[in-house]
Each structure stands twice: as structure tokens, then as C-alpha cells.
2 protein chains.
Amino acid sequence: MSKLLPLADPVESVACCSPLVSRPMTADEAEAAAPLLKALADPVRLRLVSLIASHADGEACVCDLNDAFDLSQPTISHHLKTLHEAGLLDRSKEGVWVYYRIRPAAFDAIGALLATSGTATSGSRS
Amino acid sequence: MSKLLPLADPVESVACCSPLVSRPMTADEAEAAAPLLKALADPVRLRLVSLIASHADGEACVCDLNDAFDLSQPTISHHLKTLHEAGLLDRSKEGVWVYYRIRPAAFDAIGALLATSGTATSGSRS
DNA sequence: CATCAATATTGACAGATGTCGTTGTCTGGC
DNA sequence: GCCAGACAACGACATCTGTCAATATTGATG
């Protein structure tokens, strides 16, 4: 499920001038992958994800997140919803509080995507 | 340059419940990183990058790219400009033709970012 | 039950984005 | 010098997005 695109065979990739990926993305694959990146492509949401990831257990309460921004509560709530609907965050309610947790699989998928699109797999020394 | 955020010490990360990253992203870091993702967060641009990456040498002529889509030439040109301005693609003119090439460093940066935000570093088994 | 605190939902609005048609700018060939 | 082809820039337009204020919902508590 995290295999969005087949990478070219490692052996082949090492050779001088072979393509970076074995075949281009299909339109459907692109349509499926774009929403994940879109959800992440906002400074506020990036920080939200980062904040949650930097908490112990990779989960954080909305009340903590609200305080980290100068934005209104509904705005934060909206961004969290966006991330949740994209499948990047899990939600769980505990009493009055709501906790959001990083969903690792989604980030793995994006990682695979990027390794695919560019070169990021094994850190090219630029 | 590709180090957008410091990961938690590997040693610590292995321990049960320590944070995934050593510290959250700053607002400035997020503002800097978001445009890269935003440039990539579009189905057409994803396919463009993918198409270029799947060409030998990781470069492709605009004329080839235009034919792969049902969109107008100006639209493709616009998307290529977006990717170029985000630093994801390099441009070079050869006679009448213009070639776009994957810029690996930019993708490395995004890769580091994601390893940071989520878990994608070492393939978590979901 | 009344009230308060934590989140979500709704509605509104300015600004960004994707697309197109048209026009402009090169470059190479006649 | 002129024309045709490859690509970029411009202007227009509909849609999407981020934000807020106001309101609703839900759970704990007195």
C-alpha cells in the first residue's frame, strides 16, 4: 500500500544514465498522491505535524496545539481536520480532550513517492 | 543545506516513547519548507516531475511533456515555471528546445523534511 | 439541570490557484 | 528579411483555500 510507484531496479539505477524510475506515474496515481502532499503543503500544517511528532508517543492534545499558534481555535481545528481527512493524522477522543496522532503509514507512502519522483532515496551528495 | 530539521538522536529514537524529532519545526522553517511541497502538491506537476525523472539522464524537452497531457501548452509551461521557481527543476535552452532537469538537492531537502515530520526514516512496519 | 470548558461546524470573505485563449519572443531555415 | 515553430508571458475567469467571528456540540462538574 505504501508502494505508489515502482522504482527502477537498484542495480539498474546505479548504472550511469538509466532513468531514475522505471516508469512515469499514471494520471490516477498522481491524483491519488497529490492530496497527501497538498495536506502537508502549508506552513501551519507542517508545524502541527511537527509539533505532534515531537511530543512523546507522537500524539498531542488540541489544547496544546492551539497555544502554539497565533491563529484562532477554529482555524487550527480546520487544519487538523484537513490533516486527518488526508489520512496523515489519527484522532481519538478522551473525555473533553481530543488527541491527534501521527499515522506512520501515510508518511511512509509519501516517502516512497518522493524516492520515486526524485532521488531522495539514499541521499545523493549534492 | 538539506538538513531542514534535526532528527532526534538515533539512540534515543529507538527507546520506547521518546519523541520522533528532537524539537518541533520553527515557524520560519515551516514557511521555508512549505513552498517545496506546495509546488509538488498537484497531480499535473507530480506527473511532470515523474515524467522527467523517468527519462534517461533525468531531463526532458518541453515538447515531449506537452504531448503527455490533454492540457494546453501555456498550462504546462505554467506548471513547469512553478516547479522551476520552487527549485525542483533546472532549465536549459538548447536551440529552439527547452529542457527541464530534476534538481536532486531539492528532493533531498524534502526527504529530510519528511523523515523529520513523520517516521519515514527507516520504514515502519504499519 | 445549569454551566463551563474543549472542539467542531457554519458562513463569509479576501486572496491564491489552475486553466484557457491570445499575444509576445526567440531561433532556425528559406 | 521573412516566416514558421517552440516556448513564455499576459489577462481573464471560475474555483479552491486560509482565516475569522459566531454558533453548535459534547462532556465534566457543581
Between [X] and [N], does any side-chain N or O lie under 4.0 Å from OP1 or OP2?
X	N	value
A:T75	D:dT19	no
A:H79	D:dT19	yes
A:S72	D:dC20	yes
A:Y100	C:dA8	yes
A:R45	D:dG18	yes
A:K81	C:dT9	yes

Side chain of [X] - closest among [options]:
X	options	value
B:V44	D:dG18, C:dT19, D:dA8	C:dT19
B:V62	C:dC26, C:dT7, D:dC7	D:dC7
B:P74	D:dA9, C:dC26, D:dT19	D:dA9
B:V96	C:dT19, C:dT7, D:dG5	D:dG5

Can you measure [X] atom [atom1] to [N] atom [atom2] for me and round it to whole angstrom units?
X	N	atom1	atom2	result
A:D64	C:dA6	CG	P	11 Å
A:H78	D:dT17	NE2	P	8 Å
B:L48	C:dG18	CG	P	12 Å
B:H84	D:dC7	NE2	P	15 Å
B:K93	C:dT27	NZ	C1'	7 Å
B:D42	C:dA16	CG	P	18 Å

Subject >> 5' priority, DNA chain D, between B:S77 and A:E94 [closest heavy atom] >> reply: B:S77
**OP:** Kindly indicate whether a cation-pi arrangement holds for B:R47 with B:F69, taking the cut-offs as under 6.0 Å to the six-membered ring centre and within 45° of the axis.
**Re:** yes
Original post:
Just checking B:L71: base, sugar-phosphate only, or nothing, at a heavy-atom cut-off of under 4.0 Å?
Top reply: sugar-phosphate
Original post:
Side-chain donor-acceptor pair under 3.5 Å between A:R45 and A:H79, yes or no?
Top reply: yes
Original post:
What about B:L51 and A:L37, same hydrophobic cluster or not, with Ile/Leu/Val/Met/Phe/Trp/Tyr joined at side-chain heavy-atom distances under 4.5 Å?
Top reply: yes
Subject >> Student check: side-chain heavy atoms of B:I102 and B:E59 closer than 4.5 Å >> reply: no
**OP:** Give a yes or no answer on whether the side chain of A:E29 reaches the backbone of A:T26 with a donor-acceptor pair at less than 3.5 Å.
**Re:** yes
Subject >> Under 3.5 Å donor-acceptor pair, B:Q73 side-chain atoms to D:dA6 base atoms >> reply: no
Subject >> B:A41 or A:W97, whichever maps to the more 5' nucleotide of DNA chain C >> reply: A:W97
